[in-house]
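Reading through the structure tokens given below for one structure.
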Amino acid sequence: MSAKLPLGLMAFGGFAIGAGMRLLDPLLPMIAVGFGTTVAGAAILIAAFALPYGAGQIATGPLGDRLGKVRVASFALVAYGLVSMASALAQGLTDLTIMRALAGLFAGAVIPLMMAHIGDSVPYEERQAAIGRFLTGMVFAQMLAGPMSGVLGENFGWRASFLAAGGLAVGAGGLMAWKLLRGAPPPPRPAAGMFSGFARLLRAPAGRKLLMLAGLNGALLFGGAFPFVASFLIERFGLSAGEAGLVMAGFGIGAFVYTRIAKRLVRRFGERGLLGLGGASLMGLLLLISVAWAWWVVLVAQLCIGLAFFMFHGVLQARATEALPEARGTAVSAFAMALFLGQTLGTLVFAAVIAGADYRVAFGLAGVGVGGLAWWARK
């Protein structure tokens, strides 16, 4: 890698962010009881994280292009960890919501800028495989964050999960900063035209389509289906938070398979093939969850969803790193902004669907929606 930052260390940073993002999944019922609300009410914590994560991209992307992508990412990772640890002191849902919003703001500067750094360093034909290797950290977070957070919550209370995730992020960010200080600092870029990359991206039809796909993807999956699977298992099948977290870890297993075979998948199916196959698989698996008659049906679906998701989402990520080669930090940040603004809207909409109808209706709607999204992405 050109910035003298090992890919393994970048994956560690991705793990720290991923762990903090997913730790809430098995804790929502516990937090809801502790603060005297419902799971649908506590779901504001998901939106509170996602909205600043997405909105903050308007500054973090251009800052990364100007000051150095890894430099900005390492600072943000440390700040994210400190805020996550402070979340353990929250005395009410409002306090915790504010802390999650601050955590989302800092977290938003990490993954997009590190992916943009990969875009600067790796040729496009090898980029999806490199991004897959980098995402190993996020994948392991998907596998481990749910079970660990659930077990910590059951035995020591939900606050312990925030302390552990925050400490991990501070350690990862500190290592990244130390490694960066040992190398040559990146040359500063002029501030003139700092935000013009967003306008150039929006003027291009392909750029607009990419951002719309990212927003809908965030609404249907990141906000619509994925955050509520653990609560569905707890409320409908009587699983504990730790057991639900273990089922959720199935997503990480499928995603880990993707990171090992991403290069072969691209060669075998091409980008259009991966979009179609991944999208169709996601639709079928979400519809399966919507009619699940036992917890193990959800487990089977989770084992496959991780692979299907990254087959679909990985193509969009790779395209984002090439959408604006002269300002990759801005382009990838715009992609992340659309993704997480979509997640915010999706969380609020699907929480209302769950409160007014049922989890099963929400998963069914997400499945049908992602099927249509895959069809459009292939055009």
For this session: Search all heavy atoms of Gly13 against all heavy atoms of Ala172 and return the closest pair with its distance.
Result: CA-CB, 4.1 Å

Problem set entry | Nearest non-hydrogen partners of Asp95 and Gln91, listed with the distance | OD2-N, 3.2 Å

Exercise. Given side chains that start at C-beta, do those of Leu96 and Phe35 come closer than 4.5 Å, heavy atoms only?
Worked result: yes

Exercise. How far apart are the closest heavy atoms of Gly166 and Ser84, and which atoms are they?
Worked result: CA-CB, 3.8 Å

Problem set entry | Arg236: partners by salt bridge (Lys or Arg N to Asp or Glu O under 4.0 Å), with sequence neighbours left out | Asp358

Seminar exercise, completed: Residues Ala377 and Phe312: closest non-hydrogen pair is CB-CE1, 4.3 Å

Exercise. Quick one: does Met311's side chain get under 4.5 Å of Ser281's, heavy atoms only?
Worked result: no

For this session: To the nearest 0.5 Å, tell me how far Thr347 OG1 sits from Phe226 CZ.
Result: 12.0 Å

Exercise. Hey, any chance Met30 and Leu23 share a hydrophobic cluster, counting ILVMFWY side chains that come within less than 4.5 Å of each other, even indirectly?
Worked result: yes

Problem set entry | CA sep, side-chain torsions, deciding dist, call: Phe251, Phe310, side-chain contact (heavy atoms from CB on, under 4.5 Å) | CA-CA 10 Å; Phe251 180 101; Phe310 279 104; 4.0 Å; yes

Problem set entry | Val72 with Leu105, same ILVMFWY side-chain cluster at under 4.5 Å | no

Problem set entry | In one Ile/Leu/Val/Met/Phe/Trp/Tyr side-chain cluster, 4.5 Å: Leu163, Ile17 | no

Exercise. Take atom OH in Tyr258; do more than 12 heavy atoms of anything else shown fall under 6.0 Å from it?
Worked result: yes

Exercise. Got a second to check how far Leu220's CG is from Phe350's CZ, nearest 0.5 Å?
Worked result: 5.5 Å

Problem set entry | Cluster overlap Ile354 with Val33, hydrophobic side-chain contacts below 4.5 Å | no

For this session: Please confirm whether the backbone N or O of Ser149 pairs with a side-chain atom of Ser161, one donor and one acceptor, at under 3.5 Å?
Result: yes

Exercise. Just how far is it from atom CD of Gln317 to atom CD1 of Ile111, taken to the nearest 0.5 Å?
Worked result: 9.5 Å

Problem set entry | Check: Ser87 main-chain N/O paired with Arg100 side-chain donor or acceptor under 3.5 Å | no

Exercise. Does the side chain of Leu152 reach to within under 4.5 Å of the side chain of Phe162, using non-hydrogen atoms?
Worked result: no

Exercise. So, the side chain of Asn155 versus the backbone of Val151: is there a donor-acceptor pair under 3.5 Å, distance only?
Worked result: yes

Exercise. Are Leu27 and Ile234 joined in one hydrophobic group, where the rule is that I, L, V, M, F, W and Y side chains link up if heavy atoms are under 4.5 Å apart?
Worked result: no

Problem set entry | Closest contact, heavy atoms only, Ala336 versus Pro112 | CB-CG, 3.6 Å

For this session: Take Phe106 and Val83 through the test side-chain contact (heavy atoms from CB on, under 4.5 Å) and record every step on the way to the result.
Result: CA-CA 9 Å; Phe106 288 118; Val83 171; 4.0 Å; yes

Problem set entry | 4.5 Å side-chain heavy-atom contact, Leu316 and Leu275 | yes

Exercise. To the nearest 0.5 Å, what is the distance between CG (Leu77) and CG (Leu113)?
Worked result: 11.5 Å

For this session: Classify the angle between the aromatic ring planes of Phe363 and Phe232 as parallel (below 30°), tilted (30 to 60°) or perpendicular (above 60°).
Result: perpendicular

Problem set entry | Main-chain N/O of Leu233 paired to Glu235 side chain as donor or acceptor, under 3.5 Å | no

For this session: Can you measure from CZ (Arg208) to CG (Leu211) and round to the nearest 0.5 angstrom?
Result: 10.0 Å

Exercise. With a 4.5 Å heavy-atom cut-off, do Met114 and Met176 have their side chains touching?
Worked result: yes

Exercise. Would you say the side chain of Ile305 lies within less than 4.5 Å of the side chain of Leu282, judging by non-hydrogen atoms?
Worked result: yes

For this session: Using the side chain to side chain donor-acceptor pair (under 3.5 Å) rule, collect all pairs that involve residues 295-307, keeping only residues at least two apart or in two chains.
Result: none

Seminar exercise, completed: What one should report as the nearest heavy-atom pair of Thr60 and Gly108 is OG1-O, 4.1 Å

Seminar exercise, completed: Separation between CG (Leu168) and CE (Met148), nearest 0.5 Å, reads 8.0 Å

Problem set entry | Within 6.0 Å of CH2 in Trp376, more than 12 heavy atoms from elsewhere | yes

Problem set entry | N/O donor-acceptor pair under 3.5 Å between Ser290 side chain and Leu287 backbone | yes

For this session: In sequence, state the C-alpha distance, the side-chain angles, and the governing distance for His313 and Leu221, and then conclude on side-chain contact (heavy atoms from CB on, under 4.5 Å).
Result: CA-CA 11 Å; His313 188 65; Leu221 298 177; over 6 Å; no

Exercise. Heavy atoms, side chains only, cut-off 4.5 Å: are Thr97 and Leu93 in contact?
Worked result: yes

Exercise. Can you tell if the side chain of Thr321 reaches within under 4.5 Å of the side chain of Phe335, non-hydrogen atoms only?
Worked result: no

